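Whatever order the structure lists ligands and atoms in, that order sets their numbers, starting from 1. What you see is a predicted model; the values in this text were computed from it and never measured. Just the heavy atoms: all of them, side chains too, but no hydrogens, waters or symmetry mates, feed the values below.
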Amino acid sequence: MNSLDSIRVRFAPSPTGFLHVGNVRTALFNRLLAGRHNGTFILRIEDTDAERSEPKYEKQLMEDLRWLGLDWNEGIDAGGDYGPYRQTNRYGLYDKYAGQLLEEDKAFLCFCTEEELEATRQEQLARRETTVYSGKCRNLTRHEIASKLNEDIPRTLRLRVRPGMVGFDDLVFGRIEIETSQISDPVLLRGDGSPTYNFCCVIDDALMKITHVIRGDGHLSNTHRQILIYEALRIEAPQFAHLSTILGPDGQKLSKRHGATSIEEFRRQGYLPEALVNYLALLGWSPETDGQEIMSLDEISARFDLARVIKSSAIFDTGKLNWMNRTYIVKTPGADLVKKAKQYFVDADLFPAGSGEDSEMDAWLGEVIDLIKTHVDHLDQLPAETGIIYGLAGDSSDIDDAARALLSGAEGRAVAEEFARLVYEKETLTPESYREIAGQVKAATKQKGRNLYHPIRAALTGRDSGPDLEKLVAVYEQGSRLALPRKVMSCRERLHAILESP
Ligand code: GLU
């Protein structure tokens with residue numbers, strides 16, 4: 001059997017906060033490896049930190065993963081043969097292994113208090129030594145242990161770290177070895193008997209038959225501890241692949257200072273999940289056939305290879321993400337875009353709330369979005385781009401200087417007035433009648449090209465540049481007939497407002 005058959009990978013978040021881009025890239029790379037080899041992608045919740053874990057974060061992270069399209073085929077909410085998939089629901093399971101290690105003297109009880117441990121740490125720091133557990137309780141006699149147990153002194157269970165080197169061949173970083181004297185005997189069970197992350201992680205990865213552990217490089221030092229736990233339990237360790245930390249453009253660890261970092265925030269700002277996934281996949285990985293950057297999750301999955309993941313830090317480039325998001329926005333079909341963007345218009349009081357799926361309203365909003373979508377990086381910026389559509393209602397300051405200048409010159413004014421005169425004769429304007437009128441204005445004024453269309457644009461929009469006029473005309477006319485919370489003026493009303501403004 002080839003080692004890539006029956007790949008089983010897991011994403012194992014701790015529900016202690018919102019998913020940020022770092023976690024998500026970890027989830028994504030796991031999902032990609034599973035996808036590439038028809039493997040299993042498992043979601044396991046690591047909630048051993050009782051103080052910081054909260055159900056709301058667990059709920060949110062599942063929502064985020066689903067929104068991103070990173071569905072898992074085993075684990076929390078999905079079931080599977082190796083559950084339960086939440087560590088606090090597995091607590092009974094770990095004691096057996098703790099008992100085995102204690103029995104075999106591969107683990108020992110430690111009675112040191114927090115204060116004692118801290119005092120040793122301070123001494124080591126003062127001597128500029130590595131801060132490691134002193135080993136004080138490593139060799140207590142049976143008698144000493146019995147009497148401390150009798151006195152009910154709180155104790156933890158620690159792994160007895162063996163001397164020598166410990167190492168592993170990381171699929172991204174290569175061989176990483178360290179001297180075990182640099183490692184404190186890891187705590188397996190805390191004073192209250194609850195198991196620690198390192199212990200649960202090993203037992204769960206083993207019981208869940210995980211073949212590859214892909215996680216952030218912040219866990220590199222845990223991996224050495226975990227390898228020692230596998231050894232002590234005589235269980236074969238999975239393969240490891242650590243992903244380098246994502247940095248901001250200033251070379252510092254990505255944080256709030258750099259802008260949005262949680263998936264929740266990106267979603268609120270109107271980034272599309274496909275764009276985020278695509279961008280994050282290229283953060284530290286690139287396909288062999290270079291050049292292609294816009295790829296769906298399936299296309300990336302089909303090309304994914306851990307061997308092409310780089311170990312140097314990846315820099316989070318908002319400019320590139322924005323470019324990618326724009327690309328996805330532009331290629332999203334109109335009706336889908338309306339669904340995704342409508343709420344932003346509702347929130348900006350430009351579109352009625354609870355309008356359901358009114359096909360006329362939605363079709364109109366689709367046209368509006370189509371006219372402005374190339375101007376935004378993310379969907380929440382759309383309402384701010386609608387000045388050209390909703391503007392002018394009672395506010396002639398919407399007319400820009402270039403448009404004013406065009407309309408105050410004799411030739412421009414003549415074009416605009418002739419255009420307005422012909423429009424006023426009509427009930428309503430359609431793209432066809434607009435074309436016809438423009439032709440008539442051309443004949444009457446002998447102006448063409450820029451000299452014809454710029455004054456017309458200025459008279460209709462109050463600006464000297466903007467989206468396609470035929471489309472705008474249709475949007476103005478239809479918008480003026482809809483029950484919108486903020487009025488959209490018809491072409492005729494706009495011409496009045498602009499040509500008569502002081
Ligand atoms: N619960 C750990 C975290 O969120 C996961 C580490 C691992 O993947 O083993 O960082």
Side-chain angles (χ1 to χ4, degrees), residues 7-34 39-62 64-65 70 72 74-76 82 84-91 94 159 168 170-173 176 186-188 190 194-230 233 235 237-246 253-255 261-264 280 284 306 309:
I7 282 212
R8 290 178 57 83
V9 290
R10 83 312 191 268
F11 177 50
S14 302
T16 54
F18 292 117
L19 274 193
H20 54 78
V21 291
N23 308 135
V24 169
R25 190 189 47 161
T26 301
L28 173 60
F29 280 28
N30 277 289
R31 164 70 177 72
L32 290 173
L33 189 72
T40 306
F41 176 47
I42 298 157
L43 178 64
R44 181 173 81 216
I45 300 294
E46 301 205 322
D47 55 349
T48 53
D49 185 339
E51 258 166 46
R52 293 174 54 229
S53 297
E54 287 187 48
K56 71 168 186 206
Y57 292 128
E58 181 179 313
K59 190 162 160 273
Q60 180 72 46
L61 72 88
M62 288 198 275
D64 288 350
L65 290 174
L70 303 182
W72 52 101
E74 187 179 317
I76 283 281
Y82 303 92
Y85 291 93
R86 185 186 294 110
Q87 284 177 333
T88 48
N89 296 144
R90 299 172 63 80
Y91 272 9
Y94 307 109
L159 182 80
F168 60 99
D170 190 89
L171 294 171
V172 173
F173 283 81
I176 307 184
V187 173
L188 306 177
R190 302 189 188 89
S194 64
T196 58
Y197 155 70
N198 274 316
F199 191 39
C200 293
C201 186
V202 165
I203 305 293
D204 290 351
D205 285 342
L207 292 180
M208 293 178 186
K209 301 200 170 10
I210 300 301
T211 57
H212 294 70
V213 169
I214 305 175
R215 60 185 171 203
D217 64 0
H219 285 288
L220 273 170
S221 61
N222 283 326
T223 302
H224 286 116
R225 296 185 176 89
Q226 292 178 13
I227 300 259
L228 290 165
I229 302 175
Y230 281 109
L233 289 166
I235 297 175
Q239 290 204 269
F240 292 94
H242 289 86
L243 306 176
S244 64
T245 309
I246 300 176
K253 199 167 173 225
L254 196 65
S255 74
T261 52
S262 74
I263 294 309
E264 156 72 11
L280 291 175
L306 272 178
V309 173

So is Tyr197 touching ligand 1 or not, going by heavy atoms under 4.0 Å?
yes
Exercise. Which of parallel (below 30°), tilted (30 to 60°) and perpendicular (above 60°) describes Tyr91 and Tyr94?
Worked result: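 Correct class here is perpendicular.
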Hey, what's the ring geometry for Tyr197 with His219, parallel, tilted or perpendicular (30° and 60° as the breaks)? tilted
Just need the protein heavy atom nearest to [atom], so name the residue and atom and give the distance.
| atom | answer |
| --- | --- |
| atom 8 (O) of ligand 1 | Arg10 NH1, 2.7 Å |
| atom 3 (C) of ligand 1 | His219 NE2, 3.7 Å |
| atom 5 (C) of ligand 1 | Ala12 O, 3.1 Å |

**Asked** How many angstroms lie between atom CD1 of Ile227 and atom CD1 of Ile235, to the nearest 0.5 angstrom?
**Response**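 Separation between the atoms: 12.5 Å.
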Interatomic distance, CD1@Ile263 vs CZ@Phe18, rounded to 0.5 Å, equals 12.0 Å
Cys201 heavy atoms within 4.0 Å reach ligand 1 at atoms 9 (O)
query = So is there a nitrogen or oxygen of Ile214 less than 3.5 Å from a nitrogen or oxygen in ligand 1?
reply =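 The answer is no, given that Ile214 and ligand 1 share no N or O pair closer than 3.5 Å.
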Q) Should the proximity of Ser14 to ligand 1, defined as any heavy atom under 4.0 Å, be assigned to the side chain, the backbone, both, or neither? A)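 Both the backbone and the side chain of Ser14 come within reach of ligand 1.
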Check your understanding: Does the side chain of Asp47 come under 3.5 Å of the side chain of Gln87 through a donor N or O and an acceptor N or O?
Key ->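 Result is no, nothing qualifies.
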### Between Asp217 and Ser244: side-chain donor-acceptor atoms closer than 3.5 Å
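Ser244 and Asp217 do not have a side-chain donor-acceptor pair below 3.5 Å.
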Going by the closest heavy atom to atom 2 (C) of ligand 1, which one wins out of Glu46, Arg44, Arg215?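 Among Glu46, Arg44, Arg215, the closest heavy atom to atom 2 (C) of ligand 1 comes from Glu46.
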